[in-house]
2 protein chains.
Amino acid sequence: MVDGFRVDTDMSEQRAPARRSRGTGRVRIEDVARAAEVSAQTVSRFLRHPDQVGPAASERIAAAISRVGYVPNLIAGSLASNRSRVVAIIVPTLANPVHAQPVEGLGDALRADGYQVLVGTTDFSQEVEEALVRAFVGRRVDGIVITGGRLSAASRTVLKAAAIPVVQLWELPRIPFDMAVGNSNIDIGACVARHFAERGYRRLAVIGHVQKSDTRSADRVTGFLAEAQRHGLPAPLVMEVDRPMLIRDASDLVAALRREEVRAVFVTSAQLSVVLLLNARSAGIAVPGELAIAGLESDLSTVVSPTLTAVRVPAYELGLQAGRLLLRRMAGEKVAQKRIDTGFEFNVREST
Amino acid sequence: MVDGFRVDTDMSEQRAPARRSRGTGRVRIEDVARAAEVSAQTVSRFLRHPDQVGPAASERIAAAISRVGYVPNLIAGSLASNRSRVVAIIVPTLANPVHAQPVEGLGDALRADGYQVLVGTTDFSQEVEEALVRAFVGRRVDGIVITGGRLSAASRTVLKAAAIPVVQLWELPRIPFDMAVGNSNIDIGACVARHFAERGYRRLAVIGHVQKSDTRSADRVTGFLAEAQRHGLPAPLVMEVDRPMLIRDASDLVAALRREEVRAVFVTSAQLSVVLLLNARSAGIAVPGELAIAGLESDLSTVVSPTLTAVRVPAYELGLQAGRLLLRRMAGEKVAQKRIDTGFEFNVREST
DNA sequence: GCGCCATTTGTTAACGCTAACATGTGAGCG
DNA sequence: CGCTCACATGTTAGCGTTAACAAATGGCGC
C-alpha cells in the first residue's frame with residue numbers, strides 16, 4: 001500500500017511539461033484522495049453519500065480534507081452530475097419586504113439540503129424577466145420560482161425545454177404553468193367587504209395601488225366590489241393610486257372620501273393604509289366613528305392609534321412552501337397538489 | 001451545403017449504443033455548430049467575443065441558435081473558463097429593506113455584464129455565515145459581498161485561499177480584509193448630537209437597537225456620546241431595545257424619557273423612531289416642544305406629523321458601489337481606493 | 001510577386017468532478 | 001465448503017464548454 005502510494009506520488013511529481021496547463025492551482029479532489037490513500041471516487045462518495053464509505057477510509061478522508069484545506073468545486077460537480085443544487089427566484093423588487101421575504105423563506109427551506117438561491121429583480125419589466133429566465137436556465141438551476149401568474153410565451157418555451165420544476169408565486173392561475181403558491185386576492189377583497197357589511201357600513205370605497213403588471217391589487221378590488229354587491233350595498237367608490245404615497249396625495253384622498261360621504265374604506269396596500277389613517281386623524285376625522293379604515297398588515301398596524309384592521313399575507317411562508325414543493329419535485333417525487341393556497345389572516349382592530 | 005448538413009444529421013442519428021450515455025438530451029453547442037456549418041469553437045466565439053467572428057458565419061450562427069433553441073450551458077462554460085460570472089452576497093435578513101436593498105443594487109450593477117447574484121441570509125449567525133462562505137467559494141463565485149466588518153478566522157482562511165475579491169458592507173474597518181463600502185456610524189451619531197447641541201437641547205438621550213453581532217447601532221451611540229461630551233453637555237441617557245418594538249414598550253420608553261426630563265432623543269433605528277414619535281404624541285407630549293426626536297429614515301418619515309428629522313443611509317447605493325468595485329477587480333484592474341465612504345443624508349424636519 | 005501580418009476558422013486537450021460499470025472482500029447459509 | 005449477496009472501493013469515460021495552439025486566407029507595402 002505504502003509503496004503504491006509512493007509510486008503515485010512520484011507520478012504526480014513528474015508533472016509532464018505538456019504545452020498546456022490550465023489548472024487553477026487550487027486543491028482538487030485528487031489531492032485529497034492521494035493524501036488519504038484512496039481513490040478520488042471514494043472521496044466523492046464520502047462527500048455525497050457518506051454511508052457508502054467505510055469507517056477507516058472516512059476517518060482518513062476527513063483528516064485529509066481539513067489538512068489540505070479542500071473546498072469541493074461544485075461547478076465541476078454540477079456538470080458531471082447534471083444537478084446544480086441552485087434554485088432561482090425572480091421578484092419585482094427587493095425594496096418591498098413583501099417581495100423580499102419569500103426569497104428568505106425559499107432560502108430557509110432549501111439551505112438544509114445544500115441548495116443555494118440565485119435572485120433576480122425585474123422592476124416589473126417583462127423583458128427583464130425573460131432575460132432572467134434564460135440566464136437562470138443557462139445556469140442549469142434545478143428549479144425556479146417566479147413572482148406573478150403571467151409568463152411570456154418566450155419564457156414558457158425556454159422553461160418547457162429546460163424541464164425543471166417551476167413555482168408561480170402570489171397568484172393562483174386556474175391552470176398553473178407547473179405549480180403555484182399564493183392566495184386568492186379576490187377572497188381578500190371579499191373578506192373585507194363582508195366585514196364592512198356586517199358592521200353595517202353602507203357607503204364604501206376601495207383604494208387600489210396600481211403597479212405595472214401586478215394584478216394583485218386589482219383582484220382585491222374585484223373581490224371587494226363583488227361582495228359588496230352581494231350584500232346589496234351601493235356600488236363602492238373606486239380610486240387608484242399609482243405611485244408611492246406622499247402626504248399631500250393622502251390629504252386629497254381624505255378630502256375626496258369626506259366629500260363622497262364614504263363610511264368605510266379598504267386600502268389595498270400596506271403603506272397607503274397607514275398613511276391614510278394618519279392623515280385622516282390629523283384632518284380631524286374620527287376613525288372609525290366617521291370613517292372606518294381597513295388595510296394591509298405592516299409593522300405599524302398595531303402601533304398607530306387607532307390600531308389598524310388589516311389583512312396579513314404570509315409572504316415568508318409563501319417562499320417556504322415554494323421551496324418545499326421544489327424540493328419534493330427535485331427529489332423525483334410527483335406532486336399532486338399543484339396549487340397551494342396559503343390563505344391570509346384578517347386582523348380586526350380598532351380602525352373598523 | 002444541404003448535403004453536408006444531411007450527412008451530419010444522419011451521423012447524429014447513429015447514436016452509438018455505447019454502454020454509457022450520460023447526456024442530458026439538451027441542445028448543445030455542437031448541435032448549433034452543425035446546423036450553422038461551423039466549428040463549435042466558432043459558435044463559442046460568436047457568443048463570447050462576437051467581434052472575432054466574420055459576418056457570414058455570425059449570421060448563420062445566429063439563425064441556427066434560434067432555430068434549434070440553444071441555451072448555452074454556463075456551468076460547463078464556467079468550468080472550462082474558470083469564471084462563474086456569479087457573485088454572492090451575504091446579508092443578515094431580507095425582511096429588513098435596509099439589508100435587502102444592497103442586494104438589489106448589487107444585481108443592478110452587475111446585470112449588464114452578465115453576472116448573476118447568489119444570496120444567503122445568516123439571521124445574524126456567525127456559523128451560518130461561515131457555512132455560506134464555504135458554499136459560495138465552492139461554487140467558485142467570482143466575488144463576494146459580506147455584510148458587516150467582522151469576519152471569522154475560518155472565513156478569512158477560505159476567502160484567502162479562494163483569492164477572490166471581497167467587499168465588506170456597512171462598516172469601514174481601518175484595514176479591510178480586502179475592500180469595504182459603508183459609512184461611518186460614529187459620524188452619524190456625532191452629526192445628530194451636534195444638531196441637538198446647536199438647537200440648544202441639553203438633556204439628551206439615545207435609544208439603541210441591539211441586534212446580535214450588529215455593531216452599527218452601538219457605533220452610532222458611541223459617536224453620539226462623544227460629540228455630546230465635546231459640546232460640554234451632561235452625559236446623555238442611554239437606553240437599549242433588543243426586540244421588535246411593541247406599542248407597550250414604546251409607552252414605557254416615553255414614560256422613562258419624561259421622568260428623566262429628556263429634551264431630545266436620537267433613536268438609532270427607523271421603525272423605532274416612528275413608533276416613539278407616534279407614542280409620544282398620543283401620550284400628549286409636544287414634539288418638538290417638550291421632546292425633540294431624531295431617527296432613521298423610512299417611508300413614513302415625511303408622513304407622520306410632525307415630520308421626522310432623520311438620517312438616511314444609502315442602502316441601495318452601497319450595493320451598487322460594491323458591485324462596481326467587484327466589476328473592476330474581476331476585470332483585472334487594481335483598485336487603489338479600498339474603502340468607500342458613501343456618507344449619509346441628515347434631513348432636518350419638524351420633529352427637532 | 002513576395003513576405004508579413006491581421007483576421008477568421010479549426011483542432012485538441014483540458015476544466016474537476018461523478019455516473020456507470022467492474023472488482024474485491026467477507027459474512028451468512030445450507 | 002462453495003455459493004450467494006451485500007458492501008466497500010477502484011477504473012473508465014464522459015458532462016459541455018473554452019484556452020491554447022495551429023492553420024488557412026487575403027490585403028498591403030515595396
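Convention: sequence-line order gives letters A, B, ...; per-chain numbering from 1.
- Residue A/T42 places no side-chain N or O under 4.0 Å from the OP1 or OP2 atom of D/dA8.
- Note on residues 111-121 of chain B: pairs passing salt bridge (Lys or Arg N to Asp or Glu O under 4.0 Å), not counting sequence neighbours, are B/D108-B/R111.
- Across all strands shown, A/D51 has heavy atoms under 4.0 Å from sugar-phosphate atoms exclusively, and none from any base.
- Inspection of the B/T42 and B/S39 side chains reveals an N or O donor paired with an N or O acceptor under 3.5 Å.
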TODO: Please lay out, stage by stage, how B/I65 and B/F46 fare under the test side chain to side chain contact (heavy atoms under 4.5 Å, CB included).
DONE: CA-CA 11 Å; B/I65 284 177; B/F46 172 79; 3.9 Å; yes
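- As a whole-Å value, the separation of B/H49 NE2 from D/dA20 P is 11 Å.
- Across the protein-nucleic acid pair, B/N82 atom CG and C/dC17 atom C1' stand 14 Å apart, rounded to whole Å.
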Which atoms of nucleotides 16-18 of chain D (N or O only) lie under 3.5 Å from a protein N or O atom, and what are those distances?
| from | atom 1 | to | atom 2 | distance (Å) |
| --- | --- | --- | --- | --- |
| D/dG16 | OP1 | B/T24 | N | 3.3 |
| D/dG16 | OP1 | B/T24 | OG1 | 2.7 |
| D/dG16 | N2 | B/A76 | O | 3.3 |
| D/dT17 | OP1 | B/Y70 | OH | 2.5 |
| D/dT17 | OP1 | B/N73 | N | 3.1 |
| D/dT17 | OP2 | B/I29 | N | 2.6 |
| D/dT18 | OP1 | B/R48 | NE | 2.6 |
| D/dT18 | OP1 | B/R48 | NH2 | 3.4 |
| D/dT18 | OP2 | B/S44 | OG | 2.3 |
| D/dT18 | O5' | B/S44 | OG | 3.4 |
| D/dT18 | O2 | A/R22 | NH2 | 3.0 |

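- The interatomic distance linking B/Q52 (CD) with D/dA19 (P) rounds to 10 Å, in whole Å.
- Under the side chain to side chain donor-acceptor pair (under 3.5 Å) criterion, no residue pair touches residues 43-54 of chain A, with sequence neighbours excluded.
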Sequence neighbours excluded and cut-off under 3.5 Å, please list the side-chain donor-acceptor pairs for residues 128-136 of chain B, or say none.
| from | atom 1 | to | atom 2 | distance (Å) |
| --- | --- | --- | --- | --- |
| B/E130 | OE2 | B/S152 | OG | 2.8 |

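- What you find for A/K160 and A/F177 is that their closest heavy atoms are NZ-CE1, 3.8 Å.
- In this structure, the CZ atom of A/R60 is 14 Å from the P atom of D/dA8, given to the nearest Å.
- In this structure, B/P102 and B/V91 have side chains that are not in contact, with every pair of non-hydrogen atoms separated by 4.5 Å or more.
- Each end of the helix from C/dG1-D/dC30 to C/dG30-D/dC1 gets its own rotation axis from five pairs of C1' atoms, and the angle between them is 30° to the nearest 10 degrees.
- Under the salt bridge (Lys or Arg N to Asp or Glu O under 4.0 Å) criterion, the residue pairs touching residues 329-338 of chain A are A/D178-A/R329, A/D178-A/K338, A/R328-A/E333, with sequence neighbours excluded.
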